[in-house]
Amino acid sequence: GDAIFVSGFALIGAETFEVKNEEEVNQTLKKLIEENSCAVIILPERFVENTKELRFKLIKEGKITPIFAFIPDYTGVKGKRIEELKRSISLAVGAELKL
C-alpha cells in the first residue's frame with residue numbers, strides 16, 4: 001500500500017512494501033509470489049479489482065498461498081471484497097445471494 005497504509009504494519013514488525021499505483025501493486029505481488037516468501041499478503045481494499053486476475057490465476061493453478069487479506073483504508077473504499085465473494089458464491093449455487 002501507500003506510505004500511510006504500510007506504516008502501521010511496519011511499526012509491528014511486518015515486512016512492508018510501499019507502492020504508488022496499481023501497476024506497482026501487480027509488479028510487487030508477482031515478485032512476492034515468484035519468491036514464495038509470504039504466506040499472507042495484506043492489501044488496501046481499493047486493490048480488490050486490480051488484483052483479481054492475478055488472484056484467480058493462482059486459484060486455477062491450485063495454489064493456496066499466499067492468502068490475500070483486504071482491509072479498508074483511509075480512502076473510504078470498502079465492501080468490494082464482500083461483493084466479489086457474493087458474486088462468486090451466487091455463480092456457484094446458481095442463485096443470487098441477498099445478505
Side-chain angles (χ1 to χ4, degrees):
D2 60 24
I4 296 169
F5 183 81
V6 301
S7 62
F9 295 102
L11 287 172
I12 61 170
E15 186 175 4
T16 60
F17 301 90
E18 189 176 329
V19 294
K20 293 180 177 52
N21 56 47
E22 293 177 352
E23 185 178 318
E24 285 185 22
V25 168
N26 281 326
Q27 290 173 351
T28 303
L29 288 177
K30 287 176 185 175
K31 179 182 162 194
L32 292 173
I33 291 165
E34 286 174 10
E35 292 173 356
N36 200 24
S37 61
C38 297
V40 177
I41 297 175
I42 300 171
L43 297 157
E45 195 164 8
R46 67 179 183 259
F47 294 130
V48 166
E49 289 296 322
N50 186 52
T51 60
K52 184 177 181 178
E53 184 179 324
L54 178 62
R55 292 182 290 114
F56 281 27
K57 180 181 174 220
L58 292 173
I59 291 169
K60 287 179 183 176
E61 292 173 0
K63 295 184 179 177
I64 59 171
T65 58
I67 295 170
F68 292 89
F70 293 93
I71 60 173
D73 63 359
Y74 64 92
T75 62
V77 175
K78 60 183 179 181
K80 288 194 174 278
R81 180 65 176 144
I82 295 296
E83 288 301 317
E84 181 182 82
L85 290 171
K86 281 175 32 180
R87 278 192 308 270
S88 295
I89 293 170
S90 294
L91 285 172
V93 298
E96 184 180 346
L97 289 179
K98 301 261 182 181
L99 298 175

Heavy-atom closest pair, residues Pro66 and Ile41 = CG-CD1, 3.7 Å
Over all atoms of both residues, closest heavy-atom pair of Gly1 and Pro44 = CA-CG, 4.0 Å
Would you find more than 12 non-hydrogen atoms of other residues, nucleotides or ligands less than 6.0 Å from Ile64 atom CD1?
-> no
Flag yes if more than 12 heavy atoms outside Glu23 fall under 6.0 Å of its CD atom; otherwise flag no.
-> no
Report the distance from atom OG1 of Thr51 to atom CG of Leu43, rounding to the nearest 0.5 Å.
-> 6.0 Å
Hey, what do you get for OG1 (Thr16) to CD1 (Ile42), rounding to the nearest 0.5 Å?
-> 11.0 Å
Please report, to 0.1 Å, the donor-acceptor pairs under 3.5 Å made by any side chain of residues 2-14, with sequence neighbours excluded.
from : atom 1 : to    : atom 2 : distance (Å)
Asp2 : OD1    : Ile4  : N      : 3.3
Asp2 : OD1    : Phe5  : N      : 2.9
Asp2 : OD2    : Arg46 : NH2    : 3.2
Asp2 : OD2    : Tyr74 : OH     : 2.2
Ser7 : OG     : Ile4  : O      : 2.9

Looking only at non-hydrogen atoms, find the nearest pair between Glu24 and Glu18 and report the distance.
-> OE1-O, 4.3 Å
Identified side chain to side chain contact (heavy atoms under 4.5 Å, CB included) counterpart of Lys57 within the set Glu61, Lys60, Glu53 | Glu61
